[in-house]
> 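Okay, handing you the structure first.
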Amino acid sequence: MTPTPAVREPRTLPAVETGTRESALCTIANVGTALETLREVRKHVRGDHKRRLDEVAVILRVVALDLQATYAITDDEARAFIRNCRSR
């Protein structure tokens, strides 16, 4: 039997107004966290479940890329925001 994945403390992001550049950055940060969690969960499943997790990961990446394009957010700006959120 495989061990259960390690449980992390949830990250708290600042409350922001919806439809703003800052909310887009928060969503991108949340997508990054979700992708990390999916990678960890993927290690513990087999077969069709892995494929479904991969499909979810693709959808999350599309959401993040769409937000980046809509709000003209550079990769460096998104990474800096994520680092800032994680350091809190």
> Consider only side-chain heavy atoms of I, L, V, M, F, W and Y, link residues closer than 4.5 Å, and tell whether V62 and L65 are in one cluster.
no
> Using a strict 4.0 Å threshold on nitrogen-to-oxygen distance, state whether R51 and D48 make a salt bridge.
yes
> Would you mind listing every salt bridge (charged side-chain N to carboxylate O under 4.0 Å, His left out) that reaches into residues 66-78, with sequence neighbours excluded?
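Applying salt bridge (charged side-chain N to carboxylate O under 4.0 Å, His left out) to every pair that reaches into residues 66-78, excluding sequence neighbours, yields R21-E77, D76-R79.
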> With a 4.5 Å cut-off on side-chain heavy atoms, are I73 and I28 touching?
yes
> Using the side-chain hydrogen bond (donor to acceptor under 3.5 Å, both in side chains) criterion, which residues pair with N84? Sequence neighbours excluded.
none
> Give, for atom NE2 of H44 and atom NZ of K50, the distance between the pair rounded to the nearest 0.5 Å.
10.0 Å
> Could you go through I82 and L25, starting from their C-alpha distance and side-chain angles, then the distance that decides it, and tell me whether this counts as side-chain contact (heavy atoms from CB on, under 4.5 Å)?
CA-CA 8 Å; I82 292 168; L25 284 166; over 6 Å; no
> More than 12 non-hydrogen atoms from neighbouring residues, nucleotides or ligands closer than 6.0 Å to CD on E17, yes or no?
no
> Mind checking side-chain contact (heavy atoms from CB on, under 4.5 Å) for A80 and listing every partner two or more places apart, or none if nothing turns up?
R83
> Under the rule for side-chain contact (heavy atoms from CB on, under 4.5 Å), what residues qualify as partners of I59, not counting sequence neighbours?
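side-chain contact (heavy atoms from CB on, under 4.5 Å) check on I59 returns nothing, list empty.
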> Work out which heavy atom in L53 is nearest to a heavy atom in R42; give both atom names and the distance.
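Reported closest heavy-atom pair: CD1-CA, 3.7 Å.
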> Does R46 have any side-chain contact (heavy atoms from CB on, under 4.5 Å) partners at least two apart in sequence or in another chain, and if so, which?
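For R46 there are no side-chain contact (heavy atoms from CB on, under 4.5 Å) partners, ignoring immediate neighbours.
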> Apply side-chain hydrogen bond (donor to acceptor under 3.5 Å, both in side chains) to R39 and list each qualifying residue two or more places apart in sequence or on a separate chain.
none
> Rounded to the nearest 0.5 Å, what separation is found between the CG atom of L60 and the CG atom of L38?
6.5 Å
> How long is the straight-line distance from CD of E22 back to OG1 of T27, given to the nearest 0.5 Å?
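Between T27 OG1 and E22 CD, I get 10.5 Å after rounding to 0.5 Å.
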> Minimum heavy-atom separation for Y71 to G19, with atom names?
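Shortest heavy-atom separation between Y71 and G19 comes out as OH-O, 3.2 Å.
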> Membership question, hydrophobic clusters at under 4.5 Å side-chain separation (ILVMFWY): are V31 and V41 in the same one?
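Yes, V41 and V31 fall within the same hydrophobic cluster.
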> Decide yes or no for R52 and V45: does some side-chain heavy atom of the first lie under 4.5 Å from some side-chain heavy atom of the second?
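In short, these two side chains do not touch, never coming nearer than 4.5 Å.
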